[in-house]
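Following: one structure in structure tokens, then a few remarks.
Quick note on labels: first sequence line is chain A, next is B, and so on, each numbered from 1.
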Protein chains: 2
Amino acid sequence: MHDSQEPRGPVETDKTVLRIIQALKDEDGATVAELADRLNMAKSTIHRHLTTLEQSMYVVKREGEYELGYKFLDFGRYVQTRSEIYDLAEPRVQELATETGEAAWCVVEQHNYAVYLCQGKTPQAVQTHARIGKWEYLHTIAAGKAILAHLPDEQIDDVIETVGLPARTPSTITDRDELEAELERIRNEGIAFNDGETVRDVRAVAVPILQNGYPVGALSVTGPKNRLIGDKYREDIPNALLGTANEIELRLTYS
Amino acid sequence: MHDSQEPRGPVETDKTVLRIIQALKDEDGATVAELADRLNMAKSTIHRHLTTLEQSMYVVKREGEYELGYKFLDFGRYVQTRSEIYDLAEPRVQELATETGEAAWCVVEQHNYAVYLCQGKTPQAVQTHARIGKWEYLHTIAAGKAILAHLPDEQIDDVIETVGLPARTPSTITDRDELEAELERIRNEGIAFNDGETVRDVRAVAVPILQNGYPVGALSVTGPKNRLIGDKYREDIPNALLGTANEIELRLTYS
DNA sequence: AAGTGCATTGCATAATATGCAATGACGGCC
DNA sequence: GGCCGTCATTGCATATTATGCAATGCACTT
């Protein structure tokens with residue numbers, strides 16, 4: 001079974017089952033009929049894939065609906081903690097959150113996307129769009145721009161070519177030249193700012209974490225626009241982030 | 001391709017790709033050759049599955065090795081936070097850890113196994129075998145026993161029949177009658193204890209979280225044997241757990 | 001009891017996953 | 001630089017199986 005709108009993969013059935021897994025997440029659980037409808041496939045085919053996933057313990061059937069199971073929690077936790085900067089970043093983003101009174105994040109890049117790896121929380125922090133595990137366009141978040149600024153040129157080209165520069169808000173950078181100028185500025189100043197480019201009324205500050213000049217991640221602090229202003233936005237948070245990134249970089253160098 | 005040692009699933013290719021995913025985790029990344037060896041399959045077949053997974057962004061190729069990607073972090077975080085008791089348990093296990101000075105856990109059951117859902121930490125707590133996302137035999141951990149004690153008889157039978165009662169240590173309960181007696185005691189007292197049944201020299205205390213009499217999870221506190229002794233083990237921790245579980249149960253009832 | 005809608009199973013065949021063998025790529029050794 | 005060995009990748013033929021249709025099972029409603 002090959003969906004003609006998409007390039008043919010080496011193993012088409014793998015793509016089918018991954019598509020079903022993604023649909024179960026997108027629909028937050030679903031019946032056979034709903035999935036068949038959504039994916040435009042026969043109910044019997046959907047049913048057989050689900051049964052295989054259930055027998056393999058990746059999926060549970062509950063009250064007529066199929067849902068992703070905790071096997072994914074095992075895998076999710078595994079990929080998080082095996083990341084080489086997780087152990088260094090996790091306690092430190094918590095400190096950053098405490099210090100700034102805002103949510104702090106460690107973000108990494110994979111497959112030309114930014115992924116939120118871990119979060120520092122504090123009671124005063126306001127919940128924004130960001131979530132552990134969430135994938136975002138690199139160019140639309142401060143941490144992503146901090147990473148982009150230090151990627152090899154060929155990879156920047158690849159990002160623009162394969163992902164593009166989709167707009168998330170009217171403030172998002174969608175022009176290649178404009179992005180290049182922003183990345184150049186970030187390289188010079190060492191700090192990336194985000195002013196409503198992901199979600200309106202949300203600001204962020206970010207710095208890269210570099211290992212041998214390569215951006216292995218980024219740290220950021222995000223918060224509502226009305227709180228990230230003045231010296232806090234332009235001086236205090238940047239300085240805290242730079243200090244922490246530097247500490248992590250030293251740890252990476254001598255380990 | 002069907003491995004004759006295992007029952008044939010409705011979609012055999014799904015099982016193949018899931019097996020490859022599991023092997024990537026077990027080997028903490030692997031080359032085509034290593035996976036082919038481990039799974040007793042042709043290199044070309046392994047390569048095609050990996051290429052499909054990579055193109056779908058589930059896997060990354062790094063320095064000749066393939067590794068699970070952060071897509072699993074997205075799924076892992078999703079299944080964790082969608083759990084109906086996660087939001088109630090997460091802040092409370094943190095309080096329990098602070099209160100007891102030991103690691104605290106919320107554990108759930110799925111496919112007849114116990115799964116560690118979330119953890120409360122404190123600087124003094126000692127790291128034991130438990131990990132977020134880890135699957136354990138129900139009968140070998142206190143939280144699992146607390147859940148087992150309240151499962152319907154048919155499901156208890158199913159657990160014993162499909163999973164069995166494997167020993168983790170010389171202290172593990174491996175006899176059905178002995179387990180039945182232990183579950184009866186847990187139902188009467190409302191508390192489950194674990195004394196070296198998972199890992200030697202580790203103790204735990206646990207209570208179930210019941211919704212309409214059904215165990216939707218359990219809370220536990222674990223620590224080294226030399227710290228979980230006397231009143232702390234027998235009275236203080238149990239009382240704290242009971243209080244918290246009761247609070248969660250009330251929240252579940254009126255929500 | 002009949003009707004409806006969804007889930008599940010049987011069957012035939014179209015589609016494709018598979019392994020072998022060839023080829024490409026890379027690193028080490030002489 | 002050439003040769004060798006090992007691993008990764010691709011072409012090809014075919015054995016295997018994923019697929020959709022149709023029938024059947026199941027649960028709920030009237």
### Query
Using a cut-off of less than 4.0 Å, is there contact between a side-chain N or O of B/Thr45 and OP1 or OP2 of C/dG19?
yes
### Query
Is there a side-chain polar atom (N or O) of A/Arg48 under 4.0 Å from OP1 or OP2 of C/dA7?
no
### Query
Quick one: is C/dA7 close enough that its OP1 or OP2 comes under 4.0 Å of any side-chain N or O from A/His47?
no
### Query
Is any side-chain heavy atom of A/Ile132 closer than 4.5 Å to a side-chain heavy atom of A/Trp105?
yes
### Query
Is any side-chain N or O of B/Lys61 closer than 4.0 Å to OP1 or OP2 of D/dT9?
yes
### Query
What's the CD-P distance between A/Glu12 and D/dG20, to the nearest Å?
12 Å
### Task
Find the distance B/Arg38:CZ to D/dC7:P and express it as a whole number of Å.
17 Å
### Query
Is the shortest side-chain N/O distance from A/Thr51 to OP1 or OP2 of C/dT9 below 4.0 Å?
no
### Query
Is A/His49 near enough to D/dT19 that one of its side-chain N or O atoms lies under 4.0 angstrom from OP1 or OP2?
yes
#### Entry: Phosphate OP1/OP2 of C/dT8 contacted by A/Tyr66 side-chain N/O (<4.0 Å)
yes
### Task
Take B/Ala42 and A/Ser44, find for each the nucleotide of DNA chain C with the closest heavy atom, and name the residue whose nucleotide sits nearer the 5' end.
A/Ser44
### Task
Please determine if A/Lys134 forms a cation-pi arrangement with A/Tyr116, meaning its NZ or CZ atom is less than 6.0 Å from the six-membered ring centre and no more than 45° off the ring axis.
no
### Query
Can you tell me how far P of D/dT19 sits from CG of A/Leu35, to the nearest Å?
14 Å
### Message
In this structure, how many angstroms lie between the P atom of C/dG5 and the CG atom of A/Asp37, rounded?
### Response
14 Å
### Query
Between D/dT19 atom P and A/Ile20 atom CD1, what is the distance in whole Å?
8 Å
### Query
To the nearest Å, how far apart are A/Arg8 CZ and C/dA17 P?
8 Å
### B/Arg251, CZ atom: more than 12 neighbouring heavy atoms under 6.0 Å
no
### Query
Side chains of B/Glu109 and B/Gln155: is there a donor and an acceptor less than 3.5 Å apart?
yes
### Query
So which nucleotide from D/dT19, D/dA8, C/dT16 ends up closest to the side chain of A/Thr16?
D/dT19
### Message
Categorize B/Thr31 for me: base, sugar-phosphate, or nothing, with a 4.0 angstrom heavy-atom threshold over every strand shown.
### Response
sugar-phosphate
### Query
Hey, are the side chains of B/Leu68 and B/Tyr58 touching, using non-hydrogen atoms and a 4.5 Å cut-off?
no
### Query
In whole angstroms, how far is the C1' atom of D/dT19 from the CG atom of B/Asp14?
13 Å
### Task
Could you tell me the separation between the CD atom of A/Gln55 and the P atom of C/dT8, rounded to a whole number of Å?
12 Å
